[in-house]
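To start, the structure itself, in structure tokens.
Computed from a prediction, not measured in an experiment: that's the story for all the values here. Nothing fancy with the numbering, it's 1 onward along the sequence.
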Amino acid sequence: MEKIMMYIESNFPNLSSDLHLRFELGHPYKNGTEERINQVVTRVTTLFEEVFRPNDFIYLFIKDWNVTEDVMFGNNTPEYLYNLLSKQKIEEETFYDLDEDYDELTGQTIEIKNEYKVKFVYSRLKSISYKEVLEGIGNYEQGREPSIGESVYFISTEKGIIFHMYDDRGCDVFGLNKDTLVPVYHKFRKWILDYNRIEIDYAFEEGLFNYHETIEEREKRHRENRLKVKETKINLSQDNTCLITHALTIPNEYAEECINEIGETGFNIAISNKNSECTNIKVTKTEALAIVDYQTELMALYSKKYKSEYKGWSVKEAF
């Protein structure tokens, strides 16, 4: 255990790294639906098997808070994960997270120690029921059983990779070497979370790398978005999943390249009309209206990259 803890501390402090990919798993399907969990399982398994091979030696780092009943999600089937690993040797150690709380009576800040267990398994991947582990993690916030509420990290010291599915919403692939992650970045760009897309493009020096808005452009775009969201009268504190459509006018000399790149990011594209100079396109994705700023930033930067004009967006409730 000491060896892998030293490796994590030296290479992946806090079990993360600046070089990473974050993928969307369940969206746009509603919570609790068969469509959502089926997509989650298909995507996460596909990504996992792209990163690892059956003969790879893998560490499982399991962070276990020993919570059997979650206030929000109910029973997390606490023994399920360890039943899946029953044939493995499991090492265990106790750790503490420090938290703070404010005591209104004394006016003092109280330091709170939260105990948790860290458990390790080291084995060839083919002897681990990883598909069941991934599906169990996906089940947890969906209120399905069997479910896994523990945090599970798959670590390959040979490849310098950590794979972490945090819940049915998404998963992270952390790496030490850009060359190791580049094929995954290229192959699954459509699944990259839009919230993180620009940051990830910068890390890989592709896509929207080196394109940015001025402070004035960003503030203007945010003002216009807030006004338009208000006009829709859609309640952002409730389910606000919408079909959001963006309009772009692209000079013909850049149209094909622009359409191809935007198409690689999971947006649906339709050509509305074309003349001798420009191509007008409609770019659509189902997303929460509350985070429309991230979509409009992408469209603004693609417009800048391809010398196009961003005409704005329209919206229709999805459900």
| Listed by chain and number, what are the side chain to side chain contact (heavy atoms under 4.5 Å, CB included) partners of E297, not counting sequence neighbours? | I198, E213, R218, R221, L301

| field | Pairing residues for L15 by the side chain to side chain contact (heavy atoms under 4.5 Å, CB included) criterion, not counting sequence neighbours | value | I8, F61, Y153, I155, I162

With no hydrogens and no angle check, do the side chains of [X] and [Y] hold a donor and an acceptor under 3.5 Å apart?
| X | Y | answer |
| --- | --- | --- |
| H27 | Q39 | no |
| N252 | E277 | no |
| Y202 | N210 | no |
| N14 | S16 | no |
| T94 | K117 | yes |
| T296 | N225 | yes |

If every non-hydrogen atom of [X] is compared with every non-hydrogen atom of [Y], which pair is closest and at what distance?
| X | Y | answer |
| --- | --- | --- |
| A290 | N240 | N-OD1, 2.9 Å |
| Y254 | Y306 | CD1-O, 3.5 Å |
| K159 | V51 | NZ-O, 2.9 Å |
| D167 | L25 | O-CD1, 3.9 Å |
| V184 | T180 | CG2-O, 4.4 Å |
| N177 | D179 | OD1-N, 2.8 Å |

For [X] and [Y], indicate whether the former's side chain and the latter's backbone hold a donor-acceptor pair under 3.5 Å.
| X | Y | result |
| --- | --- | --- |
| T33 | R36 | yes |
| S17 | G175 | yes |
| K87 | I128 | no |
| D201 | L208 | yes |
| Q88 | S127 | yes |

| message | Taking the ring of W65 and the ring of Y116, is the distance between their centroids below 6.0 Å? | response | yes

| query | For the rings on F209 and F204, is their centre-to-centre separation under 6.0 Å? | reply | no

Is there a chain of hydrophobic side chains (I, L, V, M, F, W, Y, each step under 4.5 Å between heavy atoms) that links [X] to [Y]?
| X | Y | answer |
| --- | --- | --- |
| W313 | I259 | yes |
| I137 | L84 | yes |
| I269 | M299 | yes |

Students often mix this up, so state it plainly: with edges at 30° and 60°, are the rings of [X] and [Y] parallel, tilted or perpendicular?
| X | Y | answer |
| --- | --- | --- |
| F12 | Y7 | tilted |
| H246 | F267 | perpendicular |
| F57 | Y122 | parallel |

Regarding [X] and [Y], does a basic nitrogen lie under 4.0 Å from an acidic carboxylate oxygen?
| X | Y | answer |
| --- | --- | --- |
| E24 | R43 | no |
| R197 | E199 | no |
| D56 | K126 | no |
| E150 | K63 | no |
| E34 | R144 | yes |

Do [X] and [Y] make a side-chain contact, defined as non-hydrogen atoms from C-beta onward lying under 4.5 Å apart?
| X | Y | result |
| --- | --- | --- |
| T241 | T286 | yes |
| D18 | F174 | no |
| N280 | L248 | no |

| message | Could you check whether K304 makes a cation-pi contact with Y211, meaning its NZ or CZ is under 6.0 Å from the centre of the six-membered ring and within 45° of the ring axis? | response | no

| request: May I ask you to check if K119 and Y82 form a cation-pi contact, with NZ or CZ under 6.0 angstrom from the six-membered ring centre and within 45° of the axis? | output: yes

| message | For K220, run the salt bridge (Lys or Arg N to Asp or Glu O under 4.0 Å) check against E224, E216, E217 and tell me which one passes. | response | E224

